[in-house]
**Q** 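The structure under discussion is supplied below as structure tokens; questions concerning it will follow.
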Amino acid sequence: MTPFTFNTAKSIVFGSGSIARLGEIAVQQAGRRLALVTDKGVIASGLVEPALEALRGAGCEVQVFDGVVADPPEAVVLQAVEEARAFGAEGVVGLGGGSSMDVAKLVALLAAGREELGAIYGVGFAKGPRLPLILVPTTSGTGSEVTPISIVTTGENEKKGVVSPVILPDVALLDPDLTLGLPPHVTAATGIDAMVHAIEAYASASPNNNPLSKMLARQALRLLGGALLKVVRDGRDKAARGDMLLGAMLAGQAFANSPVAAVHALAYPIGGRYHVPHGLSNALVLPHVIRFNAPAAAGLYAEIAPDLFPELAEIGTQARADAFAEKLGDLAPSCKLESRLRDVGIPQEALPTLAADAMKQTRLLVNNPRPLTEADALAIYRQAW
Ligand SMILES: NC(=O)c1ccc[n+]([C@@H]2O[C@H](COP(=O)([O-])OP(=O)(O)OC[C@H]3O[C@@H](n4cnc5c(N)ncnc54)[C@H](O)[C@@H]3O)[C@@H](O)[C@H]2O)c1
Ligand SMILES: CCCCCCO
């Protein structure tokens with residue numbers, strides 16, 4: 001058996017209504033003076049109220065930072081750190097989607113005062129210590145609640161990652177009830193993001209791709225594949241929402257240890273430059289990257305295709321990989337999402353710049369099952385446009 005490392009959150013709490021336990025968990029794990037990091041959309045959805053009720057009911061003092069925005073820029077991170085420091089936060093709670101959780105991770109790390117944001121981009125530069133950290137996802141989802149990753153958009157519109165086990169949270173608290181009000185288009189985009197995490201983790205060329213990640217990726221795809229269309233059609237389907245939240249978390253555990261590759265590398269510039277939501281950015285390039293990878297990864301795709309699309313179990317390997325790409329291409333339109341780059345306002349003349357940007361994501365591209373050149377990236381963007 002090839003040696004591997006597997007990192008995840010120290011503990012995971014899952015259940016409908018489990019937000020009510022946030023106070024007891026915080027007092028045990030994070031202290032009584034807490035910075036809660038979220039965004040205005042989550043607040044407008046009324047999702048912060050049950051968290052505050054649980055925290056204040058347990059005697060905690062809470063400062064709410066609601067300045068997170070999608071694809072959070074450095075300035076938002078630094079503002080949140082400053083406010084948490086001024087408040088004297090003993091611990092940090094991130095409540096929201098990946099944007100809020102990623103900012104919360106960096107607040108816990110940087111408010112501890114030992115490191116600077118500019119010095120910790122990349123893998124393993126963040127050493128800590130950090131403040132205690134609890135993450136509560138409200139999208140299904142990035143899986144950020146169980147990854148050692150925080151993604152920040154720099155001043156040059158480049159998405160950069162801080163990747164270190166020290167920013168894995170002490171507790172990931174998953175309450176499907178918090179996702180019931182997620183609008184259909186966000187439900188679809190974040191759900192496809194989770195699928196991409198599992199697909200790329202399973203086929204990752206990373207030397208740390210391992211049996212545990214593969215197992216988690218396959219179970220994630222079974223849960224996500226069985227639930228996505230249900231929750232897009234009826235967001236109040238609690239059982240399906242639970243499957244989405246659990247599936248997104250499992251996919252997060254998978255790619256946290258068997259890293260993502262070209263789908264994300266090509267999606268980042270779309271989000272960084274054009275602020276297309278992260279999950280939709282992934283969905284727009286997904287089928288085209290899968291087709292590009294098929295000569296090297298058809299066998300791997302054939303293994304997981306029936307997990308996501310059970311009807312593909314009857315097809316032979318090569319045809320199954322082709323059919324897998326086709327059905328992945330149907331996901332966005334079947335969820336009433338845009339399906340071409342032109343549909344999200346990206347001009348055709350921007351494609352060469354996007355291809356050049358994608359090639360900067362070397363840390364992701366190295367995990368792709370098939371080597372990809374800038375010309376390949378441009379060809380993929382052209383197919384996606
Ligand atoms: N750290 C990681 O491992 C990781 C992995 C993938 C993506 N990311 C990053 O995460 C970010 C994307 O996160 P996301 O896709 O969760 O979106 P998001 O956090 O940006 O939230 C999207 C929108 O949905 C709203 N929202 C969230 N939960 C809601 C709910 N339950 N009801 C109603 N509205 C709700 C938010 O207010 C926001 O307007 C990107 O910056 C991406 O780079 C991080
Ligand atoms: C460099 C970290 C890659 C994270 C992928 C999830 O957006």
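We count ligands from 1, going down the list as the structure has it; atoms in each ligand are counted the same way.
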**Q** Could you grab the distance from atom CG of Leu110 to atom CD1 of Ile120, nearest 0.5 Å is fine?
**A**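 So the CG of Leu110 and the CD1 of Ile120 are separated by 4.5 Å.
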**Q** List the steps, then state whether side chain to side chain donor-acceptor pair (under 3.5 Å) holds for Arg241 with Thr187.
**A** CA-CA 10 Å; Arg241 284 291 194 188; Thr187 293; 3.0 Å; yes
**Q** Hey, can you tell me if Phe255 and His264 have their rings parallel, tilted or perpendicular (30° and 60° cut-offs)?
**A** parallel
**Q** Distance check, rounded to the nearest 0.5 Å: Leu354 atom CG versus Arg382 atom CZ?
**A**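 Atom-to-atom, Leu354:CG and Arg382:CZ are 11.5 Å apart.
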**Q** Heavy-atom contact under 4.0 Å between Pro72 and ligand 1?
**A**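 Per 4.0 Å heavy-atom rule, Pro72 contacts ligand 1.
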**Q** Mind checking whether Thr190 contacts ligand 1 via backbone (N, CA, C, O), side chain (CB onward), both or neither, at a 4.0 Å heavy-atom cut-off?
**A** side chain
**Q** Answer yes or no: is there a side-chain heavy-atom contact under 4.5 Å between Leu341 and Leu351?
**A**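 In contact.
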**Q** State whether Asp343 and Arg340 are salt-bridged, where the test is any N-O pair (Lys NZ or Arg NE/NH1/NH2 against Asp/Glu carboxylate O) under 4.0 Å.
**A**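 Answer for the salt bridge query: yes.
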**Q** With respect to Thr147, determine whether any N or O atom, backbone or side chain, lies less than 3.5 Å from an N or O atom of ligand 1.
**A** yes
**Q** Can you tell whether the side chains of Glu74 and Lys160 come within less than 4.0 Å, N to carboxylate O?
**A** no
**Q** Which is it for Asp102 and ligand 1 at heavy atoms under 4.0 Å: side chain, backbone, both or neither?
**A**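 Side chain only.
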**Q** Closer than 4.0 angstrom, basic N to acidic O: yes or no for Arg291 and Glu326?
**A** yes
**Q** Under 4.0 angstrom from ligand 1, any heavy atom of Ser45?
**A**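 The answer is yes, since Ser45 has a heavy atom less than 4.0 Å from ligand 1.
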**Q** For Thr153, which part has a heavy atom under 4.0 Å from ligand 1: side chain, backbone, both, or neither?
**A** neither
**Q** Under the criterion salt bridge (charged side-chain N to carboxylate O under 4.0 Å, His left out), I'd like the reasoning laid out for Arg320 against Glu314: C-alpha separation, chi angles, the key distance, then a yes or no.
**A** CA-CA 8 Å; Arg320 192 187 296 175; Glu314 309 307 316; over 6 Å; no
**Q** For ligand 1, which is the ligand I care about here, please tell me if Ser100 has any N or O atom under 3.5 Å from one of the ligand's N or O atoms.
**A** no
**Q** Run the numbers for me: atoms of ligand 1, each under 4.0 Å from some heavy atom of Gly97, listed by number.
**A** 16 (O), 19 (O)
**Q** Step by step, would you call Tyr121 with Glu158 a side chain to side chain donor-acceptor pair (under 3.5 Å)?
**A** CA-CA 12 Å; Tyr121 288 119; Glu158 185 183 350; over 6 Å; no
**Q** Is any N or O atom of Gly279, backbone or side chain, closer than 3.5 Å to an N or O atom of ligand 1?
**A** no
**Q** Counting both backbone and side chain atoms, is some N or O of Gly98 under 3.5 Å from an N or O of ligand 1?
**A** yes
**Q** Let me confirm one number: the CE-OG1 distance from Met249 to Thr8, rounded to the nearest 0.5 Å.
**A** 7.0 Å
**Q** Counting heavy atoms only, which of Asp177, Leu180, Asp71 comes nearest to atom 40 (C) of ligand 1?
**A**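 Looking at heavy atoms only, Asp71 sits closest to atom 40 (C) of ligand 1.
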**Q** Does Lys40 approach ligand 1 within less than 4.0 angstrom via side chain, backbone, both or neither, non-hydrogen atoms only?
**A**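 Contact part for Lys40 vs ligand 1: neither.
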**Q** Under 4.0 Å from any heavy atom of Val42, which atoms of ligand 1 are there?
**A** 27 (C), 37 (O)
**Q** Ion pair present between Asp170 and Arg130, side-chain N to carboxylate O less than 4.0 angstrom?
**A**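 So Asp170 pairs with Arg130 through a salt bridge.
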**Q** Quick one: do Lys105 and Ser144 satisfy side chain to side chain donor-acceptor pair (under 3.5 Å)? Show the steps, please.
**A** CA-CA 9 Å; Lys105 286 172 168 178; Ser144 176; 3.0 Å; yes
**Q** Measuring from non-hydrogen atoms of Ala256 to any atom of ligand 1, is the shortest distance under 4.0 Å?
**A** no
**Q** Have a look at ligand 1 and work out which part of Pro277, if any, has a heavy atom under 4.0 Å from it: side chain, backbone, both or neither.
**A**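 For Pro277, there is no contact with ligand 1 at all, from either part.
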**Q** Do Lys230 and Asp237 sit within salt-bridge range, that is, some charged N less than 4.0 Å from a carboxylate O?
**A**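 A salt bridge is absent here (no side-chain N lies under 4.0 Å from a carboxylate O).
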**Q** Taking heavy atoms and a distance under 4.0 Å, where does Ile151 meet ligand 1: side chain, backbone, both or neither?
**A**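 Ile151 to ligand 1: side-chain contact only, backbone stays beyond 4.0 Å.
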**Q** Just which atoms of ligand 1 are under 4.0 Å from any heavy atom in Phe255?
**A**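 Near Phe255, meaning under 4.0 Å from one of its heavy atoms, ligand 1 has 3 (O), 5 (C).
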**Q** Which value, rounded to the nearest 0.5 Å, describes the distance between Leu221 atom CG and Leu216 atom CG?
**A**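 The CG atom of Leu221 sits 11.0 Å away from the CG atom of Leu216.
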**Q** Counting from 1, what ligand 1 atoms have a heavy atom of Thr139 closer than 4.0 Å?
**A** 16 (O), 27 (C), 28 (N)
**Q** Are any of the N/O atoms on Asp39, whether in the backbone or the side chain, positioned under 3.5 angstrom from an N/O atom of ligand 1?
**A**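 So ligand 1 has an N or O lying under 3.5 Å from an N or O of Asp39.
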**Q** Polar contacts were defined as any N/O atom of the residue lying under 3.5 Å from an N/O atom of the ligand; does this apply to Gly143 and ligand 1?
**A** no
**Q** Would you give the length of the straight line joining atom CE of Met359 to atom CG of Leu372, rounded to the nearest 0.5 angstrom?
**A**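 So the gap between those two atoms works out to 5.5 Å.
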**Q** At a 4.0 Å threshold, what atoms of ligand 1 neighbour a non-hydrogen atom of Ala70?
**A**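 Near Ala70, meaning under 4.0 Å from one of its heavy atoms, ligand 1 has 20 (O).
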**Q** Just distances here: any N/O of Thr138 and N/O of ligand 1 closer than 3.5 Å?
**A**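 There is such a contact, yes.
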**Q** Under 4.0 Å, heavy atoms only, figure out whether ligand 1 is touched by the backbone of His197, its side chain, both or neither.
**A** side chain
**Q** Under 4.0 Å from a heavy atom of Gly41: give me the atoms of ligand 1 that qualify, with their elements.
**A**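 What qualifies from ligand 1 is 37 (O).
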**Q** Have a look at ligand 1 and work out which part of Thr142, if any, has a heavy atom under 4.0 Å from it: side chain, backbone, both or neither.
**A**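 The part of Thr142 near ligand 1 is both the backbone and the side chain.
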**Q** Going by distance only, is there an N or O of Tyr268 that falls short of 3.5 Å from an N or O of ligand 1?
**A** no
**Q** Counting only nitrogen or oxygen atoms and a 3.5 angstrom limit, does Ser99 reach ligand 1?
**A** yes
